[in-house]
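The structure appears below as structure tokens.
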Amino acid sequence: MKKEIVAMLLAGGQGSRLHALTSRVAKPAVPFGGKYRIIDFPLSNCVNSGIDTVGVLTQYQPLELNDYIGNGQPWDLDRSYGGVHILPPYLQEGEKGTWYKGTANAIYQNMSFIERYDPEYVLILSGDHVYKMDYVKMLKHHKARQADCTIAVLEVPLDEASRFGIMNVDEDDKVYEFEEKPKMPKSNLASMGIYIFTWSKLRKYLMADEANEHSKNDFGKNIIPAMLDAGERLSAYRFQGYWKDVGTIESLWDANMDMLSIESNVNLYAQDWPIFSRTPTTPPHFTGPNASINHSMITGGCEVYGSVENSILFHSVTIEEGADVRYSILMPGAVVKAGAVVEYSIVAQSAVIGPGAQVGAPPVGQENWGITVVAQGVHVGADAVVTPRSMVTRNMKGGAAV
């Protein structure tokens, strides 16, 4: 059976800018928004768009991500033909075999998977973006423009454009130039790292790129420029809506806080475009008689006896009586003991904040802005002080300060 379009989801990134949060898990598996993982967004976008064949390319710390995806049932991707497939790097007979050398090489190594379904088009996605997007609309744009490659773009403030790959287009949104993080950008159309290729064209350029020993094997650095140089038709698809690259501690915290804002344009409660996830079975959350909860998301299995304000609590979090949590993200199984204060922080899975400890603090001016992180499984001792913008990766004794 032929598939019109196959999605390839790049989910093997190390996520080094997330530091301690990705020391044990791949970036797409990082918890997000109270009950999700980052990868839930592109997977849900695929199934909501009617794309039922998805290859997930893993590499760095894949175990938890592989377990989470499983057979794809939460996303209705447990299909007998198509569905979701985990695609790690592998060794072929007669070849040396390598890790994925770049985004283009990752797709090149999995051309046989794509060719099983003989698609007309291939959708390339990243596993570390938070957004809702109908890929069918992008595919219709691709067909209407008779494009060889369509690149999703987002308008960004011109003074921030130098941080992105910028697409320069004509009045018909045909791309005539691509600039990677230009010092003097000519436009504000930033690439979102989402591509639709006509497969026959992409296959040709992947093979040529692999044969070039000087290539970085990257879509942005090599494939797109090569297609432009050859005069292929590249079109920009303008996306209007919420989109966030959650590749840094600050952007991850910021995107989670956006989930609490009615102005963020990400409606997790919309029935017409649900975000699916593999959710653990937990009892309802419980609030004690003296608990205070204000403008927060509290997930199943949580026990709140203290105060929670403008925060997101994943499942099975415990906030003891007398503890205060403000503007923070507490990942599954985290515990905040009595009298502790947690502010402007991310507390990773199963971490424990000891009684009377102080973790993080409100920002004082833009120059002192930063989020405090307590890594997975770390115990912060009683009365310890963790200063703002710190990264706690090992257990702290009571009274210690970092």
Side-chain angles (χ1 to χ4, degrees), residues 9 11 15 18 20-48 54 56 58 61-78 83-84 86 127-128 130 246 252-253 255-256 259-260 266 268-271 273-288 291 293 296-306 308 311-320 325 328-337 342 345-353 373-379:
L9 177 50
L18 289 177
L21 297 179
T22 51
S23 62
R24 302 186 188 182
V25 298
K27 182 164 56 171
V30 170
F32 179 85
K35 62 170 290 185
Y36 306 103
R37 306 288 182 113
I38 297 171
I39 199 170
D40 287 331
F41 288 84
L43 284 177
S44 297
N45 288 338
C46 283
V47 71
N48 287 330
V54 183
V56 180
T58 62
Q61 293 282 17
L63 180 59
E64 187 166 341
L65 181 61
N66 293 353
D67 285 346
Y68 182 73
I69 294 173
N71 67 352
Q73 185 273 332
W75 305 272
D76 193 29
L77 289 172
D78 52 337
V84 67
I86 305 296
D128 52 8
V130 172
V246 288
L252 178 65
W253 180 90
N256 273 275
M259 300 300 104
L260 298 174
V266 175
L268 296 178
Y269 303 93
Q271 296 298 311
W273 202 271
I275 301 300
F276 303 100
S277 67
R278 186 179 296 279
T279 305
T281 301
T282 57
H285 74 265
F286 176 81
T287 56
I293 300 175
S296 298
M297 286 184 177
I298 312 296
T299 314
C302 290
E303 297 182 40
V304 180
Y305 303 92
V308 178
S311 295
I312 294 178
L313 274 55
F314 286 77
H315 72 84
S316 307
V317 167
T318 300
I319 310 297
E320 292 188 354
V325 176
S328 294
I329 302 159
L330 274 63
M331 293 182 175
V335 176
V336 182
K337 296 286 189 178
V342 178
S345 298
I346 299 176
V347 180
Q349 294 167 262
S350 304
V352 177
I353 310 302
V373 175
V374 178
Q376 181 174 340
V378 166
H379 285 231

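Starting from 1, each residue takes its place in the sequence as its number. Below, each value reflects all heavy atoms present in this structure, side chains not excepted, and no hydrogens, waters or symmetry copies.
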Tell me if a side-chain donor or acceptor on Asp128 pairs with a main-chain N or O of Ile38 at a distance below 3.5 Å. no
Can you measure from CG (Asn45) to CD1 (Ile275) and round to the nearest 0.5 angstrom? 5.5 Å
Could you check whether any side-chain N or O of Ser316 sits under 3.5 Å from a backbone N or O of Gly333, counting only pairs where one atom can act as donor and the other as acceptor? no
If you look at every heavy atom in Val246 and Ala255, which pair is closest and at what distance? CG1-CB, 3.6 Å
Considering all heavy atoms of both residues, which atom of Gly34 and which atom of Thr299 are nearest to each other, and what is their separation? O-OG1, 3.1 Å
Without swapping roles, check the side chain of Arg278 against the backbone of Pro74 for a donor-acceptor pair under 3.5 Å. no
Scanning both residues in full, the closest heavy-atom pair of Ala334 with Ala348 reads CB-O, 4.0 Å
Is the centre of the Tyr36 ring less than 6.0 Å from the centre of the Trp75 ring? no
Between Leu21 and Val30, the two heavy atoms sitting closest are O-CG2, 4.1 Å
A side-chain contact here means heavy atoms from C-beta on lying under 4.5 Å apart; do Asp40 and Phe276 qualify? no
Under the salt bridge (Lys or Arg N to Asp or Glu O under 4.0 Å) rule, collect the residues that match up with Lys35, sequence neighbours excluded. none
Minimum heavy-atom separation for Glu320 and Tyr305, please, with both atom names. C-CB, 3.9 Å
Nearest 0.5 Å please: distance from the CG atom of Leu65 over to the CD1 atom of Ile86. 6.0 Å
State, with a plain yes or no, whether a side-chain heavy atom of Met259 is found less than 4.5 Å away from one of Leu268. yes
Atom pair CG (Leu252) and CG (Leu18), whose distance is rounded to the nearest 0.5 Å: 6.0 Å
Verdict with supporting geometry, Trp273 and Ser44, side-chain contact (heavy atoms from CB on, under 4.5 Å): CA-CA 8 Å; Trp273 202 271; Ser44 297; 5.8 Å; no
With rounding to the nearest 0.5 angstrom, report the CG to CD1 distance, Leu9 to Ile39. 4.5 Å
Min side-chain heavy-atom separation Thr287-Ile298 under 4.5 Å: no
Heavy-atom side-chain proximity of Phe314 to Gln349 below 4.5 angstrom: no
Would you give the length of the straight line joining atom CD1 of Ile293 to atom CD1 of Ile319, rounded to the nearest 0.5 angstrom? 9.5 Å
Side-chain donor or acceptor of Arg37 paired with backbone N/O of Pro28 under 3.5 Å: no
Working to the nearest 0.5 Å, report the span between CD1 of Ile353 and CG of Leu330. 7.5 Å
Between Ile312 and Gly33, which heavy-atom pair has the shortest distance, and what is it? CG2-C, 4.1 Å
With sequence neighbours excluded, what pairs up with Asp78 under the salt bridge (Lys or Arg N to Asp or Glu O under 4.0 Å) test? none
